[in-house]
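Reviewing the structure listed below.
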Amino acid sequence: MTVRVRFAPSPTGPLHIGGVRTALFNYLFARKHGGTFILRIEDTDQTRYVEGAEDYIADAFRWLGITIDEGHLVGGQHDPYRQSERADIYLSHANQLIESGWGYYAFDTPEELDAIRKKNESEGKVFTYDSTTRSTLKNSLTLSADEVKTMLDNGDPYVIRFKFPENREVVMQDIIRGTVKVNTQTLDDKVLFKSDGLPTYHMANVVDDHLMEISHVIRGEEWLPSLPLHVLLYEAFGWTDTMPQFAHLPLILKPEGKGKLSKRDGDKLGFPVFPLLWTSPEGEVSRGYREDGYLPEAVINMLALLGWNPGTEQEIFSLEELCQQFDLERVSKSGARFDPDKAKWFNHQHITKKSDEFLALSLVDSLSGKDIIANFEYVVKVVSLVRDRLNFTHELWDHAHFFFENPAEFDEKIVKKRWKSDLIPHMQNVSQIIAATTPYQAESIKEAVSKYIETNGLGFGAIANALRLALVGSSVGPDLFAIVETIGAEACVNRINFAIENIDI
RNA sequence: GGCCCGUUCGUCUAGCGGCUAGGACGCCAGAUUUUCAUUCUGGUAGCAGGGGUUCGAUUCCCCUACGGGCUACCA
């Protein structure tokens, strides 16, 4: 079987992390089965169109390494891939529905319907446009053929609604959820074609999926309630034989509290909800994974494991491994809470796999932002010393700043604990020992300093910690003598002198 | 309110009638690092409740509770 799947976002804003996961699952499924991954822009609601959203989606995929086989940017055999450019296709299909009796014209205005809804609500009832009410409303089922023709000729605004068959049990198959049954009595006659001449999601989606020969529809669970409509639409068009298989993915939920993950959660709890930084046309800024120091492979890995598992104990995956191992059978049914802590851990794991040179590039960025010019070899060396403690690439500077600048101040707590007046002459001596040691290497320096400590009956910890304070400014960092070696004798001597002169006891 | 989906440690999950219910994140403790972080070792903690079916239910069925989604001329 030829696998053809699609990701069909609507460009109403930045692509949400949940959308990214849906795209990822589609992509992985396509790759796993040697199929085709299609990107289709569902922009049938021009009132919600947001400038830049389309580009954002493409940029996000590029960053993540998700490649598109067919779409509005790369073309394909089913051009165009932007629904706003396919209006004529939908119109002819909508008319087909009218002719076959599966659809009907409705002339009720939004205001009229609103009034009816309000009235019902005040009586404690809920209004639905369905087989029990459509005979009382203004549509081609209640109006005479002449009246309908007149209104149409007049150019009166109309919509086309789906006429659900009465009291029919629709039995559907979902790859993830199994058999789902719904009675048409509980469904309302959805608008398929709007008065603005464009279809709603339901019709555009079904028509395009059919025309584009989609084999599997993999989408979020929020679409499950409209599956009966879609299934019946395939039947109405006579496409049941080639109807795609459906898989409705569980939703990604808030880390805490109720409901599905939203932009506000990210702001509140301090993690990104979008892959890339986004600035809305109004100037509102939303943080992105990329800008927050996440690696694309970590974001992919984390998202893949949110709702899917390989059935083994492997947790760290490359995109290639996921392409090989992914399958819909192992997607879970229940919604998954997003866990920022685990996201951080995934990033740490993937940073571990990066080369010193790759990470050094990130540090070079920070350095140039501070007008510090450093030899690349030196930066690589520094990275090799501090990389283990990284959760995010942008933390490099915090962990390594003392390799590039002298300490300007000294951590008071550490001073109190580690800096004693009787240590000062020893620090001066140690400074000279460091400067005089050849070869100038961590090991030999450590040896020389240790010898000094021993012959003077001092504690290693006392000297080492004081020395670290002088060189770093606090009590953090990699191996002390690796620092001594890396920053060089001159810097060591200068820093020790500076510490002696500037630390108040 | 109606309809649909779901429910295993705090979180992500394994389990597909018989397991001391496994792993990961987090948390706690210890070891290493004479610093901090990393790393390593160990610990903590779970089958929502009630009925069935069965020799036997985390696993199958029903009910309840809880959670989630949908209920627009939005997707």
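Labels below follow one simple rule: chain letters A, B, ... track the order of the sequence lines, proteins then strands, and each chain is numbered from 1. These numbers come from the heavy atoms of this one structure, side chains and all, not from hydrogens, waters or symmetry mates.
- Note on A/Val180: only backbone sugar-phosphate atoms sit closer than 4.0 angstrom, heavy atoms only; bases stay farther off.
- If A/Gly461 and A/Thr12 are placed on RNA chain B by their nearest nucleotide, the residue sitting closer to the 5' end is A/Gly461.
- Of the side-chain N and O atoms in A/Lys258, one or more sit less than 4.0 angstrom from OP1 or OP2 of B/G67.
- Between A/Lys260 and B/G6 there is no side-chain N or O to OP1 or OP2 distance below 4.0 Å.
- Listed candidates were B/A75, B/G22, B/A24. Nearest to the side chain of A/Trp345 is B/A24.
- With B/C4, B/C70, B/C74 as the candidates, the nucleotide lying closest to the side chain of A/Thr200 is B/C74.
- Within the 4.0 Å cut-off from OP1 or OP2 of B/U13, at least one side-chain nitrogen or oxygen of A/Ser332 is found.
- Within the 4.0 Å cut-off from OP1 or OP2 of B/C36, not a single side-chain nitrogen or oxygen of A/Arg389 is found.
- Residue A/Arg117 places at least one side-chain N or O under 4.0 Å from the OP1 or OP2 atom of B/C73.
- Proximity of A/Thr44 to the phosphate of B/A75: a side-chain N or O atom is located under 4.0 Å from OP1 or OP2.
- Residue contacts shown for A/Ala464 are absent, as no nucleic acid heavy atom lies under 4.0 Å away.
- Between the side chain of A/Lys190 and the base of B/A72 there is no donor-acceptor pair of N/O atoms closer than 3.5 Å.
- Which of B/G68, B/C12, B/C3 sits closest to the side chain of A/Arg337 comes down to B/C12.
- Nucleotides B/U13 and B/C47 are separated by 13 Å at their C1' atoms, to the nearest Å.
- In this structure, A/Tyr158 and A/Tyr105 have perpendicular ring planes: the angle between them is above 60°, well past the 30° mark.
- Using a 3.5 Å distance cut-off with no hydrogens or angles, the side chains of A/Ser384 and A/Asp356 do not pair a donor with an acceptor.
- Counting non-hydrogen atoms under 4.0 angstrom, A/Arg387 reaches nothing in the nucleic acid.
- Within the shown strands, nothing qualifies as a pairing partner of B/C16 under the Watson-Crick or G-U definition with both distances less than 3.5 Å.
- Side-chain atoms of A/Asp265 and A/Ser262 include a donor-acceptor pair closer than 3.5 Å.
- Ring geometry for A/Tyr56 against A/Trp278 counts as perpendicular: the plane angle is over 60°, on a 0 to 90° scale with 30° as the lower cut.
- Residue A/Arg418 places none of its side-chain N or O atoms closer than 4.0 Å to OP1 or OP2 of B/C36.
- Classification of the A/Phe246-A/His248 ring pair by plane angle, with boundaries at 30° and 60°, yields parallel.
- In the set B/C5, B/C36, B/A75, B/A75 carries the atom at the smallest distance from any side-chain atom of A/Trp223.
- Listed nucleotides B/A24, B/A75, B/G6 differ in distance to A/Arg177; the shortest reach to its side chain belongs to B/G6.
- Atom NE2 of A/His202 is separated from atom P of B/A75 by 8 Å (rounded to the nearest Å).
- In this structure, the nucleotide among B/G6, B/C25, B/A75 sitting nearest to the side chain of A/Lys333 is B/G6.
- When distances run from any side-chain atom of A/Leu251 to the nucleotides B/C3, B/G68, B/A75, the shortest one goes to B/G68.
- Relative ring orientation between A/Phe326 and A/Phe25 is described as tilted, the plane-to-plane angle lying within the 30° to 60° band.
- The aromatic rings of A/Tyr201 and A/Trp223 sit parallel to each other, their planes meeting at less than 30°, with 60° as the upper class boundary.
- A straight line from CG of A/Leu471 to P of B/C36 spans 17 Å, rounded to a whole angstrom.
- Distances were taken from every side-chain heavy atom of A/His348 (C-beta onward) to each of B/U7, B/A75, B/U39; the shortest belongs to B/U39.
- Across all strands shown, B/C28 pairs with B/G42; the Watson-Crick or G-U wobble distances both stay below 3.5 Å.
- Here B/U7 sits opposite B/A65 as a Watson-Crick or G-U wobble pair (both hydrogen-bonding atom distances under 3.5 Å).
- Along RNA chain B, the nucleotide closest to A/Gly259 and the one closest to A/Leu480 are compared, and the more 5′ of them pairs with A/Leu480.
- Checking the phosphate oxygens (OP1, OP2) of B/U13, no side-chain nitrogen or oxygen of A/Asn309 falls inside 4.0 Å.
- The side chain of A/Arg468 has B/U35 as its nearest neighbour among B/G6, B/A75, B/U35.
- No hydrogens or angles were tested; on distance alone, a donor-acceptor pair under 3.5 Å links the side chain of A/Ser195 to the base of B/C73.
- Side chain of A/Pro225, nearest nucleotide from B/G69, B/G6, B/A75: B/G69.
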